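Note that the coordinates shown come from a computational prediction; the quantities given were computed from them, not determined experimentally. Heavy atoms only: backbone and side chains are in, while hydrogens, waters and symmetry mates are out. The chains referred to below are lettered A, B, ... by the order of the sequence lines, with proteins before strands, and numbering in each begins at 1.
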2 protein chains.
Amino acid sequence: MSQTVDRALSILPLLAEGPADLGQVADRLGVHKSTALRLLRTLHEHGLVYRQSDQRYRLGARLFALAQEAMENLDIREIAHPHLVRLNEQCGHTVHLAVYEENEVLYIDKVDSRYPVRMYSRIGKPVAITVAAVAKLLLADLPEAERRALAERLDYPLYTARSTPHAEAFLKELATVREQGWATDLGGHEESINCVAAPIRGADGRVVAAMSVSAPNVVVTAEELLTLLPLVRRTADAISGEYSGRTPVKDRTA
Amino acid sequence: MSQTVDRALSILPLLAEGPADLGQVADRLGVHKSTALRLLRTLHEHGLVYRQSDQRYRLGARLFALAQEAMENLDIREIAHPHLVRLNEQCGHTVHLAVYEENEVLYIDKVDSRYPVRMYSRIGKPVAITVAAVAKLLLADLPEAERRALAERLDYPLYTARSTPHAEAFLKELATVREQGWATDLGGHEESINCVAAPIRGADGRVVAAMSVSAPNVVVTAEELLTLLPLVRRTADAISGEYSGRTPVKDRTA
DNA sequence: TCAAGCGTTGCAAATAATGCAACGACCATT
DNA sequence: AATGGTCGTTGCATTATTTGCAACGCTTGA
């Protein structure tokens, strides 16, 4: 909509791939070097871009700070966190919290497993949307049309033999998930890792977030993990209650 | 340098304070509503801004993803992390890693204390620059002129009675730190919390990062914490060795 | 029913961004 | 030492891009 801003913002994902010098940026933007320079300077003034000692540019510090502040303003996260910690204390496994936003599902909180073997994931990282248990829950709640459109648009990478292979299978899975009110991922993303997930709902009943417990095969079998389902659902419901205002907010530790 | 981009980017910190509607954004930017709308739309297309259900805008998901990617490109962090974890296993306290960038010091990694009492801090959060032990180390290494200029420019908030009160005291402290090659913060930020920190140096000997161990009085006294200094320094040196390429990179776990 | 507030669009005016060409600094090669 | 190349930087004229305005449609509340 605004060409100048559009160009400037296109620099960010470009630099996310790694540091680049002026010429590279100009080339990949398809503009003159002088133009790229002025854009970079503006980004620099705002701290979004940093110029390292070898003169190349990379993403800057303010970006972290902004993401941080944005994160802290998400009240679901704030409400959910103590519950996630408690759940982690009870079962010992990795606990995740995720939301859907603009065709992506991303983790917004995580409490690490107490076992030495941990799975790789990072807060802020987009989730493998076609296989993750939390993603299924969040997408299953979208309006029919939107869900359908999104499913068609997605890629279906075969992470493992059990990954969701195509849109049709995915939509079917979503229907199941929608009906039963919980979801699993049994080795669909990484062969040896299983998850159980439950939805968190707002006052109007719509799914606003989803949480999951993940554990590798070497620690517990899929069956054992499934026995945690009632606990996960209870935790999710507790968060739902607090988020929608049904449960009185007793003592929220600031 | 570029007015349009400048205005667009000014929207981000504004939204970081909390969600805002079109009118508010336009007012605070000092531009017409239609202008603000077009800027917001561009930011939206890039995922930096999200429009929530009540039509108000807030910071978007891509911001997290970008910050995430930027983070992963910082190789100091990657190299240092296993060392930080090991140190935490040895002493049990909270371990921080911080860098200096553009007049700010910020945490880029953290391993939480194993004790129930934890200090509040977040990765990506700017550090209390006038008192934190890691900040002293990073600033102490700046060129004389820059250090002086920065010290004059800073605010000196009195977090506690032991906070650095003014530029003069700060510069003196930096001189000491520079000479001894390590730093402390004894209750200068929060009355009951102490830190010991050591510098991480690149191949050219310049300080590229700093790490610290922090613990509250209720767990260990300041004296006891200081006995950890040799261990902290050894850890920092190990990281320096690996970062500067002196130590062969044996088996970096991807 | 009417008024007020908000987001949205088309348009003409003018400001602000663009590409060019030229300069200086730095590095490596001859 | 001298030269050729690369890279970042600046001033300027051109032109495209952004801007503010006014008007419209919508929802909300009196």
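- Between the CG atom in A/Leu15 and the CG atom in A/Leu40 there is a gap of 6.5 Å [rounded to 0.5 Å].
- Ring pair A/His96/A/Tyr107 is parallel by interplanar angle, where below 30° counts as parallel and above 60° as perpendicular.
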Please tabulate, for the side chains in residues 27-37 of chain B, all donor-acceptor contacts under 3.5 angstrom to protein atoms that are two or more places apart in sequence or on a different chain.
residue : atom : partner : partner atom : Å
B/Arg28 : NH1  : B/Glu17 : OE1          : 3.1
B/Ser34 : OG   : B/Arg38 : NH2          : 3.3

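- Checked for salt-bridge contact, B/Arg56 and B/Asp21 miss the test: no charged N lies under 4.0 Å from a carboxylate O.
- Not one side-chain nitrogen or oxygen of B/Arg56 sits closer than 4.0 Å to the OP1 or OP2 atom of C/dC6.
- Contact annotation: A/Thr4 side-chain N/O to C/dA17 OP1/OP2 distance is not under 4.0 Å.
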Protein proximity profile, nucleotides 24-30 of chain D - base contact B, sugar-phosphate-only contact S, no contact -, cut-off 4.0 Å on heavy atoms:
-------
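- Put simply, CE on B/Met1 is 13 Å from P on C/dA16, counting in whole angstrom units.
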Can you give me every donor-acceptor pair (side chain of residues 126-144 of chain A, partner residue at least two apart or in another chain, under 3.5 Å) with its distance?
residue  : atom : partner  : partner atom : Å
A/Lys136 : NZ   : A/Glu173 : OE2          : 3.1
A/Lys136 : NZ   : A/Thr184 : O            : 2.7
A/Asp141 : OD2  : A/Arg206 : NE           : 3.3
A/Asp141 : OD2  : A/Val207 : N            : 2.9
A/Glu144 : OE2  : A/Arg148 : NH1          : 3.4

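- Between the NE2 atom of B/His44 and the P atom of C/dT8 there is a distance of 11 Å, rounded to whole Å.
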So which protein nitrogen or oxygen atoms get under 3.5 Å of nucleotides 6-13 of chain D's nitrogens or oxygens?
residue : atom : partner : partner atom : Å
D/dG8   : OP1  : A/Leu22 : N            : 3.2
D/dG8   : OP2  : A/Gly23 : N            : 3.4
D/dG8   : N7   : A/Lys33 : NZ           : 3.4
D/dT9   : OP1  : A/Arg51 : NH1          : 3.0
D/dT10  : OP2  : A/Arg41 : NH1          : 3.4
D/dT10  : OP2  : A/Arg41 : NH2          : 2.7

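- Over its full length, the helix from C/dT1-D/dA30 to C/dT30-D/dA1 turns its helical axis through 30°, comparing axes from the five pairs at each end and rounding to 10°.
- In this entry the distance linking CG of A/Asp6 with C1' of C/dA17 reads 14 Å, nearest Å.
- The distance from atom SG of A/Cys195 to atom CE of A/Met211, rounded to the nearest 0.5 Å, is 12.0 Å.
- Taking 4.5 Å as the limit, every side-chain heavy atom of A/Leu97 sits out of range of all side-chain heavy atoms of A/Lys110.
- For the residue pair B/Arg58 / B/Tyr50, no side-chain donor-acceptor distance below 3.5 Å is found, with atom types taken as modelled.
- B/Gln52 CD: more than 12 foreign heavy atoms inside a 6.0 Å radius.
- At whole-Å resolution of the value, CD in A/Gln3 and P in D/dT15 are 16 Å apart.
- Residues meeting the ring-ring contact (aromatic ring centres under 6.0 Å, His included) test with A/Tyr100, sequence neighbours left out: none.
- The local environment of CD in A/Glu45 is crowded, with over 12 non-hydrogen atoms from other residues, nucleotides or ligands closer than 6.0 Å.
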